[in-house]
Amino acid sequence: MQTNLVQQFANTAEGQEAESILRACVHCGFCTATCPTYQELNDERDGPRGRIYLMKQFLEGAEITEKTREHLDRCLTCRSCETTCPSGVKYGRLVDIGRGLIEKELPRSPKEKYLRWALTRVLPNRRLFGLMLRLGQVFRPVLPEPLRSKVPPRKEASPWPAASHSRIVLALAGCVQPSATPNTNAAAARVLDKLGITMVEAPQAGCCGAVNYHLSEHDRGLEQMRRNIDAWWPAIEAGAEALVMTASGCGAMVQDYGHLLRDDPVYAAKAQKVSELTVDLGAFLLKQDLAKLKIGQNPGKVAFHCPCTLQHAMKQNGVVDQVLRKAGVELAETRDKHLCCGSAGTYSVMQPEMSQRLLANKLKALTIDNPDRIVTANVGCQMHLETKAQVPVQHWIELLDS
Ligand code: SF4
Ligand code: SF4
């Protein structure tokens with residue numbers, strides 16, 4: 001499509017990147033068919049093609065209104081539209097850039113500002129989030145229902161194996177996962193140990209930067225990315241063969257470090273290397289000798305929910321399914337696999353109504369074959385599904401750790 005950006009954006013790196021993405025869009029509308037919010041609302045402005053047009057208008061000088069922003073806010077950044085698009089339009093990058101620029105032009109209401117401020121300060125802070133979650137778990141029985149269902153029951157991690165192998169991979173502890181689902185990385189470490197691989201976490205690494213970056217706090221997000229690179233670099237120089245991601249939301253973000261820090265004179269090369277080393281746990285395991293991994297306890301019939309970040313951003317659709325089948329897990333039939341569960345980072349807090357609609361749809365689609373449990377590959381999806389699921393919800397790696 002033709003574009004004519006106003007001077008204010010035309011001469012900036014972000015403006016130029018946005019323009020090249022806009023020009024790739026031929027306005028065919030194929031993407032609307034797989035957009036969860038368009039399917040729910042049937043409004044062109046709540047689908048990718050309409051949102052692309054709204055961002056184009058803004059970059060070409062049109063006045064931005066609260067109504068326009070509402071349509072952009074309702075986007076889950078699930079990137080299902082990217083998977084469908086025949087022209088390779090990088091919608092996820094466009095919406096990150098567009099939202100960031102609009103944020104500077106149109107101030108939020110005090111209530112919205114406070115909510116966004118709290119989310120960007122609490123969630124990425126591992127200790128603070130852990131403390132608040134623990135308090136929520138202690139007082140869970142007396143919390144009002146809407147809040148109670150959001151607080152997951154306390155989970156324990158089984159012990160990590162001792163570091164004993166010459167093959168080393170790095171893992172990211174992250175921000176929410178250590179307190180919300182602490183057994184995920186521990187289970188991954190034990191499974192990898194059986195395969196002769198030691199998994200280590202770098203203590204100084206923290207949030208991958210996704211919470212801040214996707215809430216338009218780009219500078220804070222980039223600072224967290226640089227801090228993680230510094231934390232991982234000694235192990236990378238010492239020969240760590242991969243950064244194995246157990247949360248696909250973080251994996252998708254870390255795979256973007258190279259692009260997001262490409263103009264940073266100090267970090268560009270390191271960020272590129274970090275992105276190249278980043279791999280999802282499923283894809284990493286698929287390349288190992290899985291004959292050594294037989295599940296001990298039969299988990300029954302299992303429905304796998306592939307997070308959007310795994311299928312649409314990391315492009316690993318079907319990989320975890322293969323690993324689970326090879327390990328002898330019976331997978332349940334599911335439908336609408338491409339659709340988001342409504343978790344989408346902070347979306348479930350910012351857009352609770354749409355989030356709940358999508359959650360109800362997703363749970364229906366995941367349980368058509370009466371599974372005994374649901375497994376997934378991202379802490380956010382796991383916590384969100386768990387709030388309403390009638391069967392246990394786990395990370396899939398825990399099935400291979402039995
Ligand atoms: S984003 Fe892709 S699928 Fe959607 S309208 Fe543009 S070219 Fe077509
Ligand atoms: S990212 Fe997801 S919600 Fe947003 S426009 Fe694309 S398909 Fe729709």
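Counting starts at 1 for both ligands and their atoms, following the listed order.
Contact annotation for Val95 and ligand 2: no heavy atom of the residue comes within less than 4.0 Å of the ligand.
Around atom 4 (Fe) of ligand 1, the protein atoms of type N, O or S that sit closer than 2.8 Å are Cys31 SG.
Counting protein heavy atoms only, atom 3 (S) of ligand 2 is closest to Leu76 N, 3.4 Å. Distance from atom 5 (S) of ligand 2 to its nearest protein heavy atom, with residue and atom name: Arg51 NH1, 3.2 Å. Among protein heavy atoms, the minimum distance from atom 8 (Fe) of ligand 2 is reached at Cys35 SG, 2.3 Å. The protein non-hydrogen atom at the shortest distance from atom 2 (Fe) of ligand 2 is Cys78 SG, 2.3 Å. The protein heavy-atom contact nearest to atom 4 (Fe) of ligand 2 is Cys75 SG, 2.3 Å.
Listed by atom number, the atoms of ligand 1 under 4.0 Å from Pro86 heavy atoms are 3 (S). Residue Pro36 approaches ligand 2 through these ligand atoms, each under 4.0 Å from one of its heavy atoms: 7 (S). Atom numbering of ligand 2 starts at 1 in the shown order; those under 4.0 Å from a heavy atom of Arg79 are 1 (S), 2 (Fe).
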Are Leu385 and Leu366 close enough, and set up right, to give a side-chain contact (heavy atoms from CB on, under 4.5 Å), and what steps lead you there?
CA-CA 10 Å; Leu385 293 168; Leu366 282 171; 4.1 Å; yes
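Between the side chains of Thr37 and Arg51, at least one donor N or O lies within less than 3.5 Å of an accepting N or O. If you check the side chains of Asn185 and Glu201, you find a donor sitting under 3.5 Å from an acceptor. Residues Glu40 and Asn361 have side chains that bring a donor and an acceptor to within less than 3.5 angstrom of each other. The closest side-chain donor-acceptor pair between Arg357 and Gln351, if any, does not fall under 3.5 angstrom. At a cut-off of 3.5 Å, with distance as the only test, no side-chain donor of Gln311 or Lys337 sits close to an acceptor on the other residue.
With ring centers used as reference points, Tyr267 lies 6.0 Å or more from Tyr257.
Tyr213 OH to Leu222 CG: the interatomic distance, rounded to the nearest 0.5 Å, is 5.5 Å. Atom SG in Cys81 sits 14.0 Å away from atom NZ in Lys90 (nearest 0.5 Å).
Around the CG atom of Asp219, the shell of radius 6.0 Å holds no more than 12 heavy atoms that belong to other residues, nucleotides or ligands.
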